[in-house]
Amino acid sequence: MNNGLEDVVAAETVLSDVRGAVGQLIIRGYPLSALAGHWTFEQTAHLLFTDFFADLPDAAEFAARLGAARVDVFERTQELLGPMSKLPAYDGMRAAMAMLPDDTALPDALRLLAAPAVFLPALIRMQAGDEAIEPSANAGHAADVIRMLGRSDGARALDTYLVTVSDHGLNASTFAARVVASTQAGLTSSVLAGLGALKGPLHGGAPGPVIDMLDAIAEEGDSARWIDRALDKGERLMGFGHRIYRTRDPRTDALKAALRSFGGVDARLRFAESVEQAALDALHRRKPDRVLETNVEFYTALLLEAAGFPKHAFTGVFAMGRVAGWLAHAREQALTGRLIRPASRYVEALTKDAA
Ligand code: ACO
């Protein structure tokens, strides 16, 4: 028995393979380096969905239908977004997604794929006192997100980010989505489970705190001292460490390359690299027996900051990409027809005889 289920194989999948020992991520036969920066998010989602939906059109038609789904989702929920905008952006997005029909056909999947891209920019703008901008069916998915944020640059980098995080083996949120799908519940239910698991700082909640860490270190002016103090207090450094990778997370470099496409980020990047080095030095010194390297969240934080997302919304952007993997995994699991129902070991009676 191990509490974290490490090394337990709980599913067979054709979707992705996280090769932790060599720092490689394979998505449906392609190494991440062949997809990130080369394929669009729509093409990647189409690749992930292949074989899991009976009426899947070709990639071009799929992209067109995703554009139409963005408009559909916006129109269905427009008047409900006001109350949702009182919640933190991630929670508002999750509440809005819970309003979508909960079935398992392609139109359901397309709505759920579209939904974070529509809701998150709308909620960010409404919270800033601005009007939500309607989606455009004809725009590329990432370009439409940037447009709905009210910005004009960063579409290509965001597209690279969404592809990079679209799927990643049996991570906690994907496992949660598969557990729900194994009960033959609808796709909305699976995606809501994924959203719940992604939110925590040990999974998708880390990039906002990465910015907090960078800001605190910038104010103090001494990376090593700040890092040592945090580690002395038993805190974890956000953006470092991984359950599977025993080397550098390959997504880190894909994101760093995309980040360089923004003008004016050189100084921020140099500073982040110096903090990264100080963090790695401290982690290697303190835990020489553990491989603690930079994970995807460190450069995610910088990329999403450069793209204009507020840090409280970073986890929502992660969901915008990972929802593609959740949906494909949910269908893959449901098609096995097998309920996931592990056993527990009873260790001690908590209640005694009431008498
Ligand atoms: N900072 C400081 N110490 C760390 C860190 C870190 N970021 N990560 C692991 N450690 C330490 C642990 O305290 C532990 O020490 P111990 O053996 O003395 O108790 C040791 O390294 C091993 O840690 P585990 O908890 O066994 O590693 P696990 O595989 O469970 O953790 C995790 C993976 C949760 C990602 C962890 O590295 C962490 O908390 N990182 C910080 C949060 C973060 O970056 N989250 C995003 C992850 S990426 C993603 O999900 C998309």
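Heavy atoms only: backbone and side chains are in, while hydrogens, waters and symmetry mates are out. Order of appearance sets the numbers: ligands from 1, and atoms from 1 within every ligand. Along the sequence shown, the residues carry numbers beginning at 1.
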**Modelled atom types, side-chain donor and acceptor of His168 and Arg322, under 3.5 Å** =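 There is no such pair (donor and acceptor under 3.5 Å, judged by atom type) between the side chains of His168 and Arg322.
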**Message:** For Glu276, is there an ion pair with Arg248 - N to carboxylate O distance below 4.0 angstrom?
**Reply:**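 Yes, this pair counts.
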**Proximal protein residues to ligand 1, non-hydrogen atoms under 4.0 angstrom** =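 Residue list for ligand 1: Pro201, Leu202, His203, Ala206, Leu231, Arg236, Leu237, Met238, Gly239, Phe240, Gly241, His242, Arg243, Leu283, Lys287, Arg290, Leu292, Asn295, Val296, Glu297, Phe318.
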**Asked** Aromatic ring centroids of Phe240 and Phe298 under 6.0 Å?
**Response**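 That pair passes the under 6.0 Å test.
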**Asked** Could you give all pairs that pass the salt bridge (Lys or Arg N to Asp or Glu O under 4.0 Å) test and reach residues 177-191, with sequence neighbours left out?
**Response**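 Passing the test, one end in residues 177-191: Arg178-Glu332.
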Let me have the donor-acceptor pairs involving side chains of residues 99-115, under 3.5 Å, with sequence neighbours excluded, atom names and distances please.
from, atom 1, to, atom 2, distance (Å)
Asp102, OD1, Leu187, N, 3.3
Asp102, OD1, Thr188, N, 2.9
Asp102, OD1, Ser189, N, 3.0
Asp102, OD2, Ser189, OG, 2.5
Asp108, OD1, Arg111, NH2, 3.0
Asp108, OD2, Ala105, N, 3.0

**Item:** Pairing residues for Arg229 by the salt bridge (charged side-chain N to carboxylate O under 4.0 Å, His left out) criterion, not counting sequence neighbours
**Value:**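 With sequence neighbours excluded, Arg229 shows a salt bridge (charged side-chain N to carboxylate O under 4.0 Å, His left out) to Glu220, given in chain and number order.
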